[in-house]
Amino acid sequence: MSDSPKDDQNELSNVPYSFAVTSDTAHIRQSFSDLGQGESSGITHSVAGRIMLLRTQGKIAFAELRDSSGHVQLFASSDATEDFEKFISLSLGTWIGAIGEVMTTRRGELSIKVVKWVVLANAQRGFGDKWHGVTDPDTRYRQRYVDLWANPDARTVFVQRSKIISEMRRYLEDMGFMEVETPLLHSVAGGALARPFTTHHNALDIDLYLRIAPELYLKRLVVGGFERVFEIGRVFRNEGISPRHNPEFTMLELYQAYADYSDMMELTENLVAHLAELVCGSKIISYQGKPIDLTPPWRRVTMEELVSARLDKQVRLSMDLDELSAIARENEIAVAPSWGQGKVLLEIYEKTTEHTIWDPVFVCDYPLEVSPLSRDHRYKADMVERFEVIVAGRELANAFSELVDPAEQRRRFLHQVAQAQAGDDEAMGMDEDYIRALEYGLPATGGLGIGIDRLVMLLTDQSQIREVVAFPTMRPEQDR
RNA sequence: GCGCCUCUAGCUCAAUGGCAGAGCAACGGACUCUUAAUCCGCAGGUUCUGGGUUCGAAUCCCAGGGGGCGCACCA
């Protein structure tokens with residue numbers, strides 16, 4: 001970052017406003033794959049991209065031209081190429097457009113035999129070591145444009161991210177879901193338990209929150225008669241940054257009328273397995289050196305069973321608070337006085353069990369106490385019909401049968417407000433309009449949220465969220 | 001927010017108390033089929049910043065800054 005750009009070379013700064021390409025490098029590779037060694041195709045193409053390598057050899061030169069689809073070799077020679085002397089003095093990183101016949105060299109390398117060429121952009125700064133690239137994480141994340149050229153693997157991740165999201169859209173649309181957009185600016189921060197970012201609207205003179213979840217608006221749309229809706233969008237949570245957390249991240253949320261959380265399980269496992277097959281070529285993927293089998297159906301097991309098996313003793317929500325708290329303390333969990341059995345059970349699960357799960361598991365049936373938007377379990381007291389999907393020790397999805405009873409929703413919100421007053425800065429606020437919406441009638445509805453960034457991490461074998469977010473949140477650069 | 005680690009040429013890295021170096025990039029040159037081309041030459045530094053210990057500090061100590069990892073919070 002302290003490096004300074006080279007002085008402009010005037011003749012190279014005078015670059016054209018457009019350049020007509022006839023093909024990209026991937027299509028050329030595809031079209032001329034049967035061209036034998038030392039053959040000329042007789043077909044001229046015009047390509048553009050960056051010069052990533054340049055090998056001069058007296059009166060001839062070889063360059064690697066890279067574009068967004070791949071790369072192809074340029075072959076230049078003093079008798080065929082215009083301004084040959086200038087061509088061989090090009091700096092690595094220069095964008096050029098090149099026109100010439102498609103051919104192969106004596107060694108069989110597919111090449112464009114450059115006749116005419118033009119500089120499209122000058123690279124005044126270099127892209128690092130041509131073998132090692134740039135590995136400094138600070139540079140890679142702050143200057144992603146450098147990373148993407150210096151480290152081709154970084155580029156692949158973002159291509160796959162794009163494929164995952166685009167295929168997710170297509171898959172859901174094929175199921176009859178409609179993509180919608182709901183507000184990012186909320187006057188009540190709801191739909192999840194998290195601290196929000198605050199901002200201010202000048203004309204209305206009110207504080208607004210950047211949304212922590214689209215949930216409550218999406219369910220309003222179901223009330224409005226859109227029976228299958230989804231949104232893929234950014235949410236914002238004012239929390240710490242870590243290898244698995246970025247303050248803004250992308251969520252898929254979907255809602256399906258007349259469905260419950262069992263339907264959401266089926267949808268989730270089928271969607272994720274489908275995406276894995278698309279991106280990884282198999283439902284059995286490799287993550288951080290270990291295999292993960294995403295083939296449906298995934299194991300379905302209750303939180304109580306998981307924790308009981310892990311701790312090798314019965315752990316039930318129906319136990320006395322003292323009894324549960326003792327188990328928590330045995331596992332070095334500090335129990336806060338405001339916690340009920342539900343919160344204690346959740347803490348025990350999260351601290352002792354969650355990180356030990358590798359292959360995908362639907363962790364079913366959460367305590368009502370920690371699930372203010374989920375519908376009461378149809379058979380189990382103080383439980384809700386909710387599940388999280390855990391893969392590789394991490395939460396991948398969260399879903400439930402939605403709470404449809406406005407009076408009960410009001411009680412849940414009131415409890416949240418009390419929690420907030422007791423100092424819980426992640427508790428939800430009262431959302432009167434949402435209750436009013438429920439009063440107009442929300443049918444049985446299944447809801448699902450999937451963290452896209454974490455899904456992309458899983459399917460691209462990345463351990464850090466910064467590898468799948470093009471421009472992760474960073475402390476502002478200091479003057480250096 | 002707390003703990004541990006780290007910062008040396010544009011990039012990737014050496015030098016562990018004794019003359020700050022290499023490869024790549026850049027720059028100059030040779031070379032008509034290369035594949036990280038090769039070869040010759042040249043240049044490149046506030047060793048993150050500030051203070052301290054020492055005859056002598058990239059190296060040891062203190063403080064600050066950037067980054068990484070772990071914990072906490074969370075998805």
Side-chain angles (χ1 to χ4, degrees), chain A residues 1-7 37-38 52-64 71-81 84 88-93 103-111 113 123-143 146-147 149-151 191-195 212-213 235-253 332-334 347 350-351 354 388-391 394-398 424-426 449-455 457 463-466 474-480:
Chain A
M1 262 150 284
S2 56
D3 58 322
S4 51
K6 286 181 283 185
D7 291 340
Q37 284 189 6
M52 297 310 289
L53 292 171
L54 181 63
R55 298 176 285 272
T56 67
Q57 197 163 314
K59 301 265 191 317
I60 61 168
F62 305 90
E64 180 186 314
H71 62 93
V72 73
Q73 180 167 273
L74 301 181
F75 175 82
S77 66
S78 63
D79 48 6
T81 305
F84 178 76
I88 61 173
S89 71
L90 287 171
S91 292
L92 300 188
M103 53 158 296
T104 57
T105 61
R106 284 177 206 163
R107 295 279 181 90
E109 181 76 28
L110 187 68
S111 308
K113 188 174 184 180
Q124 296 170 29
R125 301 172 186 258
F127 288 97
D129 190 294
K130 69 184 176 188
W131 185 240
H132 300 98
V134 175
T135 60
D136 175 35
D138 196 40
T139 307
R140 291 190 50 231
Y141 302 144
R142 286 189 197 278
Q143 296 180 255
V146 171
D147 185 35
W149 287 105
N151 303 306
L193 301 173
R195 270 191 286 170
I212 56 176
V235 299
F236 307 85
R237 299 190 183 175
N238 205 339
E239 287 151 359
I241 294 173
S242 84
R244 284 164 287 283
H245 300 84
N246 197 59
E248 51 180 305
F249 62 100
T250 304
M251 286 258 293
L252 162 72
E253 279 202 16
E332 293 168 351
I333 296 161
E347 287 291 322
E350 286 184 345
K351 294 293 189 300
E354 186 178 88
E388 290 192 355
V389 173
I390 307 299
V391 187
R394 294 190 207 128
E395 179 184 340
L396 182 68
N398 181 17
D424 183 351
D425 49 14
E426 290 175 356
I450 296 181
I452 301 282
D453 311 272
R454 292 201 175 162
L455 177 64
M457 287 168 70
S463 64
Q464 297 212 27
I465 198 167
R466 287 176 166 184
M474 307 278 284
R475 191 184 296 279
E477 216 171 332
Q478 305 295 310
D479 293 327
R480 278 184 274 174

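Here is how names work: the chains are called A, B, and so on, in the same order as the sequence lines, proteins then strands, and each is numbered from 1.
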**Request:** May I ask you to say what A:Phe75 touches in the nucleic acid, namely base, sugar-phosphate or nothing, with a heavy-atom cut-off under 4.0 Å?
**Result:** base
For nucleotides 3-7 of chain B, which of its nitrogen or oxygen atoms have a protein nitrogen or oxygen under 3.5 Å away, and what is each distance?
none

**Request:** Check every strand shown and say whether A:Gln73 touches a base, only sugar-phosphate, or nothing at a heavy-atom separation below 4.0 Å.
**Result:** base
**Prompt:** Can you tell me how far C1' of B:rA72 sits from CD of A:Glu350, to the nearest Å?
**Reply:** 13 Å
**Prompt:** Is there a side-chain polar atom (N or O) of A:Gln57 under 4.0 Å from OP1 or OP2 of B:rC33?
**Reply:** yes
**Message:** Output the rounded distance in Å from CZ (A:Phe84) to P (B:rC31).
**Reply:** 11 Å
**Message:** Using the P atom as the point on both nucleotides, what is the distance between B:rG56 and B:rG52, in whole Å?
**Reply:** 12 Å
**Asked** Whole-Å distance between B:rU12 P and A:Asp138 CG?
**Response** 11 Å
**Prompt:** Taking atom P in both B:rG17 and B:rC73, what distance in whole Å separates the two?
**Reply:** 42 Å
**Message:** So A:His71 and A:Met52, do their side chains get closer than 4.5 Å, heavy atoms only?
**Reply:** no
**Request:** For A:Gly133, report the nucleic acid contact type (base, sugar-phosphate, nothing); a contact means any heavy atom under 4.0 Å.
**Result:** sugar-phosphate
Please write out the pairs of protein N or O atoms and N or O atoms of nucleotides 20-25 of chain B separated by less than 3.5 Å, giving the distance to one decimal.
| from | atom 1 | to | atom 2 | distance (Å) |
| --- | --- | --- | --- | --- |
| B:rG23 | N2 | A:Asp129 | OD2 | 2.5 |
| B:rA25 | OP1 | A:Lys130 | NZ | 2.7 |

**Asked** Between A:Asn151 (CG) and B:rC11 (C1'), how many Å, whole number?
**Response** 11 Å
**Prompt:** Which dot-bracket string fits RNA chain B when only Watson-Crick or G-U wobble pairs with both atom distances under 3.5 Å count, crossing pairs get [ ], and | stands for a partner on a different strand?
**Reply:** (((((((..((((....[..))))..((((.......))))......(((((..]....))))))))))))....
**Request:** Rounded off to whole Å, could you give me the CD1-to-P distance for the A:Ile88 and B:rG28 pair?
**Result:** 11 Å
**Prompt:** Is any side-chain nitrogen or oxygen of A:Arg142 closer than 4.0 Å to OP1 or OP2 of B:rG67?
**Reply:** yes
**Message:** Pick the closest RNA chain B nucleotide for A:Pro137 and for A:Glu347 by heavy atoms, then say which residue is nearer the 5' end.
**Reply:** A:Pro137
**Message:** With rounding to the closest Å, how many angstrom separate the C1' atoms on B:rC61 and B:rG44?
**Reply:** 32 Å
**Prompt:** If you look at every strand shown and take non-hydrogen atoms under 4.0 Å, does A:Leu53 touch a base, only sugar-phosphate, or nothing?
**Reply:** sugar-phosphate
**Asked** B:rG10 and B:rU47: how far apart are their C1' atoms, nearest whole angstrom?
**Response** 16 Å
**Item:** Distance, rounded to the nearest Å, where A:Arg195 contributes CZ and B:rG1 contributes P
**Value:** 11 Å
**Item:** P atoms of B:rC24 and B:rU38, separation to the nearest Å
**Value:** 7 Å
**Prompt:** A:Val134 versus A:Phe127: any side-chain heavy-atom pair under 4.5 Å?
**Reply:** no
**Message:** Distance check, C1' atoms only: B:rU35 and B:rC40, in whole angstrom units.
**Reply:** 22 Å
**Message:** Just to be sure I understand the rule, does A:Lys351 reach a base, reach only the sugar-phosphate, or reach nothing, if contact means heavy atoms closer than 4.0 Å?
**Reply:** sugar-phosphate
**Pairwise distance CG(A:Asn246) to CZ(A:Arg237) - rounded to 0.5 angstrom** = 12.5 Å
**Asked** Rounded to the Å, how far apart are A:Leu54 CG and B:rC27 C1'?
**Response** 15 Å
**Request:** Could you say whether A:Ser111 or A:Ala397 is positioned toward the 5' end of RNA chain B, judged by the nucleotide with the nearest heavy atom to each?
**Result:** A:Ser111
**Request:** Using atom types as modelled and distance alone, determine if a side-chain donor or acceptor of A:Asp453 lies under 3.5 Å from a backbone N or O of A:Thr250.
**Result:** yes
**Complete:** Taken to the nearest whole Å, CD1/A:Ile465 to C1'/B:rC69 is 17 Å
**Message:** Once you apply a heavy-atom cut-off of 4.0 Å, does A:Asn238 come out as touching a base, just sugar-phosphate, or nothing?
**Reply:** nothing
**Item:** Listed nucleotide nearest any side-chain atom of A:Arg244, set B:rU32, B:rC31, B:rG70
**Value:** B:rG70
**Asked** Considering only heavy atoms from C-beta outward, does the side chain of A:Phe249 approach that of A:Ile452 to under 4.5 Å?
**Response** no
**Request:** State whether the side chain of A:Ser242 and the backbone N or O of A:Arg244 hold a donor-acceptor pair below 3.5 Å, judged by distance alone.
**Result:** yes
**Message:** Rounding to an integer number of angstrom, what distance separates B:rA20 and B:rA58 when you compare their P atoms?
**Reply:** 8 Å
**Asked** NA contact type, A:Ser77, heavy-atom cut-off 4.0 Å: base, sugar-phosphate, or nothing?
**Response** nothing
